[in-house]
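These numbers come from the heavy atoms of this one structure, side chains and all, not from hydrogens, waters or symmetry mates. Everything numeric here is computed off the predicted structure, so don't read it as measured data.
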Amino acid sequence: MISTSTNARTDPTGAPPPLLIHPVGGGDLGWPPLATSPAPIDFHGGPDDRRPLHKVFDGLTETGTEISGLLLIGTTNLHGPSQQPFVEHARRMGELLCSAKGLCGRTFPKDRLHIVKVAEPTVRHSVGPLKTALTALADGECLLTSGSGSYALGAGVLLAGIETGVPMTLLPVDEPSAAYRLRDLIDPRDTLRNWLLRHRFWDELAAVDPSNADIWRLLAARQRADIGPAENTTPIPGLDQGKLAKLTELWPTVQAAFYERLARGEALDHALLRTWFTQRISSPSAKEASAVPASARRVIEDLARSLGDPERRGGASQIKEARRRLVPVPRARHAALIGDAEFIDFFERSASHEAHLAPPGARRLPGSLLANADQWEASDLVPGLLGKRGLTAWPVLGTGDVLVLMCVGKVTKDDPADRAGQAAVREVIGWASQRRGSLARPGRIRLRLLASPETMERARAWVTLARSTAPAGSLDAAVLGPFSTAPGDAADINTELLAELGKAEPTGRYGSTSLRDVDEVLLVINSGKPVTLNGMVAAGVQWSLDAACPLRVAELGRDRALRTVINEAGLALCRLGMDGSLARLASAAVRRLDTRTAWQMLANGSPALADARDAAARFHHDLYGQPEPTMNTAARCALACRRLELIAHVLAGEPWPACYTAVEVLRPGLFEWDAWKILRERFPALKKLNNQRNESPYSHLLDRLRDEKRRQASGMKGRKLSHTPPAPATVIDMLHGSIEVFQRLGRMRNRQTEPGPDLVARYTHLREQLEVLGGDLC
């Protein structure tokens, strides 16, 4: 490179000079901002009318910064006032820059001047070509000019840099000395606790927050439906005898385990769903029971008894039959579940083994289930326990709210009625409504518009339009600002915006108005000052870390018919902070064999997590998948051995989850119901394992306790049922005994059978992969 700088310096660390990247726009041609009609092209300018690159080159000279080369980005389509594609202007600029006279005070050797062609000035069209260019050309850091050209192209460069791992420094054209990195405006430190707390990973919280480990361990036991630790604990600060007694009650414990696991979509869901539903309709409050006629109570009692029989299947059909007998359906919350068609459909979908294997996706929960969750949460002790420690819980099933951040730019001269702005608002509301529809509960769109002093009036008009566009009660919209538009103010904008977002205090229960409790953060890349947009992007990433929720970005643009459209721009921004937390959460979930949770967590991350997500999905199918129909009995037995070996290896210290998971991975995936019945009748080890599974709170312990209570009331005697899990050694012996059964069966069927896949080795590899990602991406 030939530089005009007389005091150029090199990086003392020996790193190569950065590559300068510049999206070519109207400013390079000498056109005013928001130009709408053709004008003469002037690449040179003058002393009082410097072109964007001239300003940047002068700034680099003043700071003594060398560059390794220049990459110009030009679009190949016709747009705006230009009668030629901008890539043609970029080529002409390149020729001038490589000529003897140069351009804007600099000259470059031809091998140091590069041009990237992009189909359209959009993020989605630019990321791919720029990833290729960065991979080929960038040896280290890159400098990206900001404040001229298309912001969407610049955003494409940023996302390409994030995906390829190339450090990107933003260089404001009008103030090059105020360069900054987007990554430097984001602080992922100390946000892991937020994610663990929001998703209720209590065991892991005990490790990262040892000062409160006593509470986290009790809540972890509660999530396993194990009241033993609470029974053996004495009161501690913030946990008096009354609260401690609550943790020793089995039914509240099962409710907590159900709701906390339901929020994560874990593999235990169906067993807990049936258990929770059966107990819920069996044990209503006195007020609820009084609102149900005697005839309806008999129908509900019959339904509970049939669902409590471990030998009966088809629970959804039993609920449907009870629904037909309940006319009309009582309004009490427990009875309303039976009359809710959405709940019955939800129950039916969850009941099949195939439900384990369906990819994680939209999970809107039935209204009657949500109403029961809110009733439980209103009296749950977690918000109070956390409050005593200066922390605030998140609503267990979320709020259903999505936070949308969007900048407001100036109205263009050719659109005085702001039709484009109005179309943009409608597109954003439509996208936000779609995202909101995939959440567990119906919530609100929390639209926050960032305005400058010049755009406050337009922003208020957009709020008025948004309120008339969104369905009634589904929108909370406000204007934030005015924010500065000075080139070097990205950090200040970021700080001010975060302060605005954090004004409302969270409550820890459903109904919170705090923006910390939103379930997704949505960023819209659109018109507006680049410095404001960059400050917004950084704040959005930071807020997703603080709120411990997924982050999505979309861009506003126009299609070929010049209609306003919105397109998702991927999850690349997650790499700036979320990915590390998601990888750690997934690792923790895999450690408990909550493999579906791991799969679901990783699906919210950037492309950097794609391989791990696919590995988690394969591992989940290894554990629960159904073999090919042609797989013989010997091969099924070998696979059964490998699954049980994995469970014994991983869940040795969690007896009830071990028993439940062991039976769940065997039937009906490997062995159909009738075959499983024959096996457990023939082999005592399998019968013991199945019985222990049925006597866990995940399955039929509460059913049997109700039966025992009825027998005692009638003067009959029965065996005493334990409210706490068996000793780990007992369960491990059961698992090893079951493994020996399948080993003998396999040898009897086919002495040449190959052993099944080594699931313990695959488990270890996946954990190691996630641990590396959790460290590298933080």
Chemist: If only atom types and distance count, is the side chain of Asp49 paired as donor or acceptor with the main-chain N or O of Gly45 below 3.5 Å?
Modeler: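 Pair absent, no side-chain N/O of Asp49 close to backbone of Gly45.
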Chemist: Would you give the length of the straight line joining atom CZ of Arg436 to atom CG of Asp401, rounded to the nearest 0.5 angstrom?
Modeler: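 With rounding to 0.5 Å, CZ (Arg436) is 9.0 Å from CG (Asp401).
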Chemist: Does the side chain of Arg364 reach to within under 4.5 Å of the side chain of Pro442, using non-hydrogen atoms?
Modeler: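 Answer yes - side chains close enough.
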Chemist: Report yes if some heavy atom in the side chain of Phe57 is under 4.5 Å from a heavy atom in the side chain of Leu103; otherwise report no.
Modeler: no
Chemist: For the residue pair Ser433 and Ile445, what are the closest heavy atoms and their distance?
Modeler: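 Shortest heavy-atom contact: OG-CD1, 3.5 Å.
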Chemist: Return the set of residues passing salt bridge (charged side-chain N to carboxylate O under 4.0 Å, His left out) with Arg426 (not counting sequence neighbours), or none when no residue passes.
Modeler: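 Residues passing salt bridge (charged side-chain N to carboxylate O under 4.0 Å, His left out) with Arg426: none at all.
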Chemist: Checking salt bridge (charged side-chain N to carboxylate O under 4.0 Å, His left out) for the pair Arg50/Asp48: CA distance, chi angles, key distance, verdict?
Modeler: CA-CA 6 Å; Arg50 292 182 302 163; Asp48 298 323; over 6 Å; no
Chemist: Are Arg448 and Asp476 close enough for a salt bridge, meaning some N to O gap below 4.0 Å?
Modeler: yes
Chemist: Could you pull out the closest heavy-atom pair between Leu609 and Ala583, with the gap in Å?
Modeler: CD2-CB, 4.5 Å
Chemist: Nearest 0.5 Å, please: how far is CG in Leu515 from CH2 in Trp543?
Modeler: 6.5 Å
Chemist: With a 4.5 Å heavy-atom cut-off, do Cys549 and Val518 have their side chains touching?
Modeler: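 They are in contact (side-chain heavy atoms under 4.5 Å apart), so the answer is yes.
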Chemist: Could you go through Val521 and Met578, starting from their C-alpha distance and side-chain angles, then the distance that decides it, and tell me whether this counts as side chain to side chain contact (heavy atoms under 4.5 Å, CB included)?
Modeler: CA-CA 12 Å; Val521 174; Met578 270 179 55; over 6 Å; no
Chemist: I'd like to know if Asp174 and Lys55 make a salt bridge, using a cut-off of under 4.0 Å between side-chain N and carboxylate O.
Modeler: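 Here Asp174 pairs with Lys55 in a salt bridge, since their nearest N and O are under 4.0 Å apart.
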Chemist: Is any side-chain heavy atom of Val541 closer than 4.5 Å to one of Leu182?
Modeler: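 SC-SC contact between Leu182 and Val541 ruled out.
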Chemist: State, with a plain yes or no, whether a side-chain heavy atom of Lys410 is found less than 4.5 Å away from one of Thr455.
Modeler: yes
Chemist: Using modelled atom types only, decide if a donor and an acceptor are shared between the side chain of Thr63 and the backbone of Gly59 within a distance under 3.5 Å.
Modeler: yes
Chemist: Are Asn77 and His125 close enough that a side-chain donor and a side-chain acceptor fall under 3.5 Å?
Modeler: no
Chemist: So Met456 and Val479, do their side chains get closer than 4.5 Å, heavy atoms only?
Modeler: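 Yes, at least one pair of side-chain atoms sits under 4.5 Å.
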Chemist: Is there side-chain contact between His22 and Ser148, with at least one heavy-atom pair below 4.5 Å?
Modeler: yes
Chemist: Could you go step by step and tell me if Arg435 and Asp519 meet the salt bridge (charged side-chain N to carboxylate O under 4.0 Å, His left out) rule?
Modeler: CA-CA 10 Å; Arg435 294 304 317 156; Asp519 291 345; over 6 Å; no
Chemist: Below 4.0 angstrom, N of the basic side chain to O of the carboxylate: do Lys413 and Asp415 qualify?
Modeler: no
Chemist: May I ask you to decide if Cys98's main-chain N or O and Arg112's side chain share a donor-acceptor pair within less than 3.5 Å?
Modeler: no
Chemist: Tell me the closest heavy-atom pair linking Leu545 and Gly577, and the distance in Å.
Modeler: CD2-C, 3.4 Å
Chemist: Out of curiosity, Asp579 CG to Leu602 CG, how far, rounded to the nearest 0.5 Å?
Modeler: 9.0 Å
Chemist: Ile115 versus Val24: any side-chain heavy-atom pair under 4.5 Å?
Modeler: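 Ile115 does not reach Val24 side chain to side chain.
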Chemist: If you measure from CE on Met168 to CD on Glu141, what distance do you get to the nearest 0.5 Å?
Modeler: 9.0 Å
Chemist: Work out which heavy atom in Ala100 is nearest to a heavy atom in Thr107; give both atom names and the distance.
Modeler: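 Nearest pair, atom of Ala100 first, then Thr107: O-CG2, 3.8 Å.
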Chemist: Is the centre of the His89 ring less than 6.0 Å from the centre of the Phe86 ring?
Modeler: yes
Chemist: Distance check, rounded to the nearest 0.5 Å: Leu19 atom CG versus Asp139 atom CG?
Modeler: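 If we round to the nearest 0.5 Å, Leu19:CG and Asp139:CG are 9.0 Å apart.
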Chemist: Please name all residues satisfying ring-ring contact (aromatic ring centres under 6.0 Å, His included) with Trp462, sequence neighbours left out, ordered by chain then number.
Modeler: none
Chemist: Between Glu175 and Pro487, which heavy-atom pair has the shortest distance, and what is it?
Modeler: CB-CB, 3.8 Å
Chemist: Does the side chain to side chain contact (heavy atoms under 4.5 Å, CB included) test come out yes or no for Arg91 and Leu72, once each step is laid out?
Modeler: CA-CA 9 Å; Arg91 287 195 182 107; Leu72 299 175; over 6 Å; no
Chemist: Let's go through Leu551 and Val553 carefully: what are the C-alpha distance in whole Å and the side-chain angles of both, what is the deciding distance for side chain to side chain contact (heavy atoms under 4.5 Å, CB included) to 0.1 Å, and is it a yes or a no?
Modeler: CA-CA 7 Å; Leu551 169 72; Val553 61; over 6 Å; no
Chemist: Does atom CD (Glu457) have a neighbourhood of more than 12 heavy atoms from anything else shown, all under 6.0 Å?
Modeler: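 No.
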Chemist: Should Leu143 and Leu60 be marked as a side chain to side chain contact (heavy atoms under 4.5 Å, CB included) after you check the CA-CA gap, both sets of side-chain angles, and the distance that decides it?
Modeler: CA-CA 10 Å; Leu143 302 178; Leu60 295 177; 3.9 Å; yes
Chemist: In chain order, what residues pass the side-chain contact (heavy atoms from CB on, under 4.5 Å) check against Ala617, with sequence neighbours excluded?
Modeler: Trp599
Chemist: What's the separation between atom CG in Leu153 and atom OG in Ser126, rounded to the nearest 0.5 Å?
Modeler: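 One gets 5.5 Å once the value is rounded to the nearest 0.5 Å.
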Chemist: Between Arg552 and Glu568, does any NZ, NE, NH1 or NH2 come within less than 4.0 Å of an OD or OE carboxylate oxygen?
Modeler: yes
Chemist: Is there a donor-acceptor contact under 3.5 Å from the side chain of Gln600 to the main chain of Pro360?
Modeler: no
Chemist: May I ask you to decide if Pro167's main-chain N or O and Arg181's side chain share a donor-acceptor pair within less than 3.5 Å?
Modeler: no
Chemist: Determine whether a donor-acceptor pair (N or O, by modelled atom type, separation under 3.5 Å) exists between the side chain of Arg575 and the backbone of Glu163.
Modeler: yes
Chemist: Kindly say whether Gly25 contributes a backbone atom to a donor-acceptor pair with the side chain of Asp28 at under 3.5 angstrom?
Modeler: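 Judged by distance alone, yes, a pair lies under 3.5 Å.
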Chemist: Might you point out which heavy atoms bring Met536 and Leu497 nearest each other, and give the distance in Å?
Modeler: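 In terms of heavy atoms, the two residues are closest at CA-CD2, 3.9 Å.
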